[in-house]
Amino acid sequence: MNGQIRNLFLVVLVLFGLLLVFTSRWTVLEDGDLRASAQNNRDVIRAQRVPRGRILAADGTVLARSVRTRSRGTNTTVYKRRYPKGAAYAGPVGVSDLQFGQSGLEKSQNAFLGGKAVKLATAVDRLIQGDQRGSTIRTTLEPKVQEAALAGLNGRAGSVVALEPETGKVLGMASVPGYDPNRMISEPGYRTTLKNSAELNRATQAAYVPGSTFKVLTAAAALDSGKYTPDTTVDGSTGQRFSGQPLANFNGEQFGQVTLTQALTQSINGAFGNIANDLGGRTLQEYMERFGFDAKPPLDYPAGQIRTSGIRRNDKLIPATSKYVDLARTGIGQDKLGATPLQMAMVVSAVANDGRLMKPHLTDRVVDPDGRVQEEVQPQLYKQSMKASSARQLQQMMGNVVDEGTGAQAQLGTDVRVGGKTGTAELGNIADGINNLWFIGFAPLEDPKVAVAVIVENSPGQGGQVAAPIAKSVIQAALAAGAGR
Amino acid sequence: MSARNREALALLPSALLVTAGFAAIFLKRDAFLSNASLTYGAVFLGLCLVGHLVIRFTAPNADPYLFPLVAVLACFGLVELYRIDESFARLQAQWFVVGLGLFAFTMVVLRDYHLLERYRYTIAAGSLLLLVLPRMPVIGEATNGAYLSIRLGPFSFQAAEFAKIGIVIFLAGYLRETRQVLIHGGRRFLGMSLPPLRHFGPLLAIWGTAMLLLIFIRDLGAALMFFGAFLALLYVATGKKRYPLLGLGAFALGAYVVGGRVGHVQDRVAAWQNPLDPVLFGADIADQGKPGFGSSYQLAQSLFAQADGGLFGRGFGQAELLTRVSDGGTVTTELLPASQTDMIYALITNETGLIGAAAILLTYLLIVQRGFRIASLARDPFSKLLATGLTSVFALQVFVIVGGVTKVIPLTGVTLPFISYGGSSVMANFILLALLMRVSEDARRPT
C-alpha cells in the first residue's frame with residue numbers, strides 16, 4: 001500500500017501547490033486590479049484616519065479642511081471633510097468622502113492632501129514624528145472673482161472661467177447649478193434631490209456650441225495665415241449659400257463688402273463663412289489644435305472630469321478636414337462644434353497673451369504640514385497659438401467689438417478698455433428665442449491681466465445683453481483683486 | 001537525541017513565536033509593551049509542556065515532529081484571534097486546554113486503537129447520528145442556511161468535525177476487511193470488473209447515507225472532505241486508480257446536477273465565478289448605508305484582504321478588519337465577515353503576506369507528510385488505512401477552506417484546523433492528532 005500512499009501524497013502536493021499559486025495570484029500577481037476595484041474601500045478607510053491637508057483660496061480663505069470625529073463603534077479617531085464655502089467652490093475643489101469617493105482637486109491632488117507624496121526630508125521627519133498628515137494646497141482661485149461670477153450667473157444655469165493670461169492661473173471657475181459638498185457627505189438622500197446635472201462641473205465637463213465666440217479663432221487663423229489683414233474685405237451679404245443651404249446674418253441684416261474688423265465687430269456670419277471656406281479645413285484644424293482643441297486641457301484636475309473640445313460626430317472627435325464637416329458653419333462656431341467654457345477661456349487668454357497659450361492651473365503651491373513649500377507651480381507655455389503681431393491686431397479688433405459693436409455692455413465705464421466677442425449659439429429652433437449665450441473677453445486691452453469666458457444656458461436674449469455684463473463684473477473683480485501683478 | 005527530546009526542543013520556537021506575536025500586537029495597540037505577552041507565551045509554553053509529557057509517558061516512540069508542528073499552527077491562530085478580539089483568544093486558549101485533555105484521554109484510553117476496528121459499525125452509526133442531529137428540532141441550529149451545529153445548553157457542537165473521524169475509522173475498518181474482494185473483483189461490467197454487491201453494498205450504504213445527510217444538512221464543505229477521504233482510502237486499499245477516477249466522474253456529474261438545481265448551491269457557484277460583480281457583492285446595500293452584504297461579499301473581501309497583504313503583509317494588527325465606518329462614525333458592516341473562522345487564512349495573508357501564508361501552507365504540508373509517513377511505517381493494513389484516512393481528511397479540510405478563501409473552489413464554511421476559532425474544531429483535531437500519534441507509536445516501537 002505504500003506506493004499508493006506516496007501517490008496520494010503527490011496529489012496533496014499538487015492541491016497545496018494550487019493553493020500557493022492562487023494565494024500568489026491575489027497577493028502579488030493580480031493585486032493591482034483588486035486594489036483598484038470599486039468595491040475595495042480599504043484605502044479610503046485608511047485615508048480617513050489621516051488628517052487631509054487644507055485647500056485654500058489665493059488669499060488664504062479656507063475652502064476645505066478636515067475635522068476630527070470619534071467613531072463610537074470602533075473607538076477610533078477619523079477625520080471628515082468640511083467645506084466652509086459650501087457650493088461656491090464645489091466645481092474646482094470637488095469632494096472627498098468615504099462613500100462617494102473623490103472628485104475635483106480633492107482627487108487630482110490626493111497624493112499631497114492625503115500625505116502620500118512626501119519628499120525625502122519629510123519622510124525622515126515622519127519616521128521621527130510618526131503621524132501622517134496631509135499637505136495644504138493653495139489654489140489660484142480669487143474669492144472676489146468667484147463671488148462676482150456666481151453673483152453674475154445669479155442662479156441661472158451656466159458657467160464662468162477666468163484666467164490670468166500671462167501665467168495660466170485659474171482666477172475663478174463657477175458652475176451653476178452646483179451642489180453643497182457638506183450635504184453630499186452628511187445627508188444620504190441629498191444626491192437624489194440634485195437636478196439638471198448639478199454634480200457636473202460645467203466649466204470643464206460641458207461642451208457647448210461656441211457660436212460666434214469661435215469667430216475669434218477663425219479670425220486668428222485668417223490673420224496668422226498672412227492671407228488677411230484687419231482691413232481685408234470680404235463679402236458679408238446675408239443668405240449666401242454654403243453647403244447648399246443659405247446662411248443668414250443675425251436678424252437677416254444685409255452687408256456688402258466688409259473689412260475683417262467690421263465682420264468681427266458686427267459678427268457677420270456671411271463674411272466668416274467665406275473666410276472659413278477660403279482658409280480650408282486643414283488651416284482651420286491646425287489653428288483649432290494650436291488653441292487647445294482636440295486635446296484635454298492640461299489642467300491639474302481629474303482627467304475623467306475634463307471634456308475635450310472639438311468637432312464631434314456620433315460622439316467621436318473628427319478633424320475639420322472631414323467630409324462630414326460644414327466648414328463655413330464651423331467657422332462661425334455652429335455645425336458639430338463643442339467647446340467647454342475652459343476651452344473658450346483658453347482661446348481668449350492666448351489672444352490676450354500675444355499668442356502664447358499658458359498651461360491653465362488651479363494649484364498655486366503645496367505647503368507641507370510644517371509650513372515648508374513643497375512645490376510651487378510656475379507659469380508654463382502650453383502652445384504658441386499664433387504670432388504676436390497678428391495677436392495684437394486681433395486684440396484691437398476685439399477692442400472694437402466692445403467699443404462699438406455687439407459687446408458694448410462689457411465696457412467698464414472707465415478708461416480701461418475691454419476686448420471681447422459675443423456669441424449666441426443656436427439650440428436648433430431660433431424662433432423661440434432661447435439660446436446659449438456666450439461672452440469671451442479680456443482687459444485691459446493694452447496690457448491684459450484677465451481673460452474670461454461666460455456662458456448662460458437656455459436663455460432668451462443675446463450674448464451681448466446677458467453674458468457680457470457678467471464678464472464685465474468678473475473682469476472688474478479680477479482687476480480689483482490685483483490679477484496679473 | 002531521542003525522539004521526545006527533539007520534540008521538546010522543537011516546542012521552544014513556537015512559544016517564542018507566540019510571545020513575539022503578542023508583543024507585536026500590543027505595540028500596535030497601546031504603543032507600549034505589556035507583560036501580558038509574556039504571560040501568554042508562558043501559558044502557551046506550559047500547555048505545550050503538558051502535551052509533551054503526556055506523549056513522553058504514553059507514546060515515547062511516536063513521531064517527534066507532529067506535536068511541535070501543531071503547536072506552531074495553534075500559536076499562529078491564537079495570535080490572530082487575540083488581534084481580532086481578546087475574548088476569542090481567551091476562549092480559544094480554554095478550548096486548547098479541553099482539547100489537550102481529550103488528547104491525553106485518547107492517548108491513555110486507546111492504547112490499543114485496534115479496538116476501534118471491532119466497533120466500526122457502532123462508530124459509523126454514531127457518526128451518522130451526529131450528522132442528522134443538527135437538523136432535529138430543539139437541539140439543531142442553523143447558521144447561514146446550513147444546519148451545522150447541535151446546541152446543548154450553552155454549548156454548540158459542530159457535528160461534522162467529530163463525524164469525520166468516525167467515518168474515517170469506519171472506512172478504514174471496513175476496507176481492511178473487504179479490500180481483497182474489492183481488488184480481485186467479481187463480475188465484469190462495461191469492460192471493468194466490479195466487486196460483488198454483497199461486499200460493496202454496506203460501504204456504499206454508509207457512505208451514501210453520510211453524503212445524503214450532508215446535503216440534507218447543507219454542509220457542502222464537509223461533504224467534499226468526506227468524499228475526498230473516501231476516494232483516497234478506496235485507492236490506497238485497492239491500489240486501483242479506476243475507483244477514485246470513477247468516483248470523481250460521479251462527483252462531477254452530481255455537482256453539475258445539484259449545482260444547477262439547488263438554489264443555495266447555485267448562489268455559491270455564481271459568487272465564486274464573479275466575486276467582484278457589484279450586484280452579487282451587494283454594492284447597493286453598502287451605498288445605502290445599510291448593514292448586511294451580498295452573496296459574494298465575503299469572497300471579494302477575502303481577495304481584497306490578500307491583495308492588501310502583498311508579499312510581506314501589513315504586519316500583525318495592521319489589517320483593516322472589523323468595520324466600515326460610515327457617517328457619524330456608526331459601524332455598518334464588517335469588512336471581513338467571519339474573520340475568526342472561515343476567513344482566518346485571508347486575515348493571516350493580509351497581515352503576514354504571501355510569505356506568512358506560504359509558511360502556514362508549508363506547516364500543514366509537513367503535518368500531512370508526517371501523517372503519510374506514519375501510514376507507510378505502520379505494520380498492519382488497518383493502521384495504514386486509519387493513518388491515511390485521518391491524514392487525507394485533514395489535508396482535504398485545509399484544501400477546502402483555503403481553496404474556498406483563495407477562489408480555487410467555491411467557498412464553503414469549514415474551519416482551518418488548529419487555527420480557526422471554535423471548540424469543536426480544536427477538540428476533534430486533537431483527537432485526530434492523538435490517533436495519529438498512537439498509530440505512530442505502534443509503528444515505531446522497537447520490537
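Excluded from the calculations below are hydrogen atoms, water molecules and symmetry mates; all remaining heavy atoms, backbone and side chain alike, are included.
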Within the distance-only criterion (no hydrogens, no angle test), does the side chain of [X] pair as donor or acceptor with the backbone N or O of [Y] below 3.5 angstrom?
| X | Y | result |
| --- | --- | --- |
| Thr139(A) | Leu56(A) | yes |
| Asn196(A) | Ala198(A) | no |
| Asn182(A) | Tyr83(A) | yes |
| Trp272(B) | Lys407(B) | yes |
| Gln146(A) | Met173(A) | yes |

Select, from [options], the one with the greatest count of heavy-atom pairs under 4.5 Å involving chain A.
| options | value |
| --- | --- |
| Gln301(B), Lys241(B), Arg314(B) | Arg314(B) |
| Leu303(B), Leu396(B), Leu311(B) | Leu303(B) |
| Thr388(B), Leu365(B), Asn350(B), Leu385(B) | Leu365(B) |
| Leu276(B), Leu377(B), Val405(B) | Leu276(B) |

**Q.** Pair Gln109(A)-Thr363(A), side-chain donor/acceptor within less than 3.5 Å
**A.**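 Gln109(A) vs Thr363(A): donor-acceptor pair found between side chains.
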
Answer with side chain, backbone, both or neither: which region of [X] has an atom nearer than 4.5 Å to a non-hydrogen atom of chain A?
| X | result |
| --- | --- |
| Ala300(B) | neither |
| Ala305(B) | both |
| Leu362(B) | neither |
| Pro244(B) | neither |
| Ser376(B) | both |
| Thr238(B) | backbone |

Q.
If you count heavy atoms of other groups shown closer than 6.0 angstrom to CZ of Arg373(B), is the number above 12?
A.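 No, not enclosed.
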
Q | Close side-chain approach of Leu73(B) and Tyr364(B), heavy atoms under 4.5 Å | A |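 They are in contact (side-chain heavy atoms under 4.5 Å apart), so the answer is yes.
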
Q: Find out whether Thr23(A) and Tyr345(B) are in side-chain contact, i.e. whether some heavy atom of one side chain is under 4.5 Å from a heavy atom of the other.
A: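 They are in side-chain contact.
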
What residue in [options] has the most heavy-atom pairs under 4.5 Å with chain B?
| options | result |
| --- | --- |
| Thr27(A), Leu20(A), Asn7(A) | Thr27(A) |
| Val11(A), Leu19(A), Val28(A) | Leu19(A) |
| Arg6(A), Arg35(A), Glu30(A) | Arg35(A) |

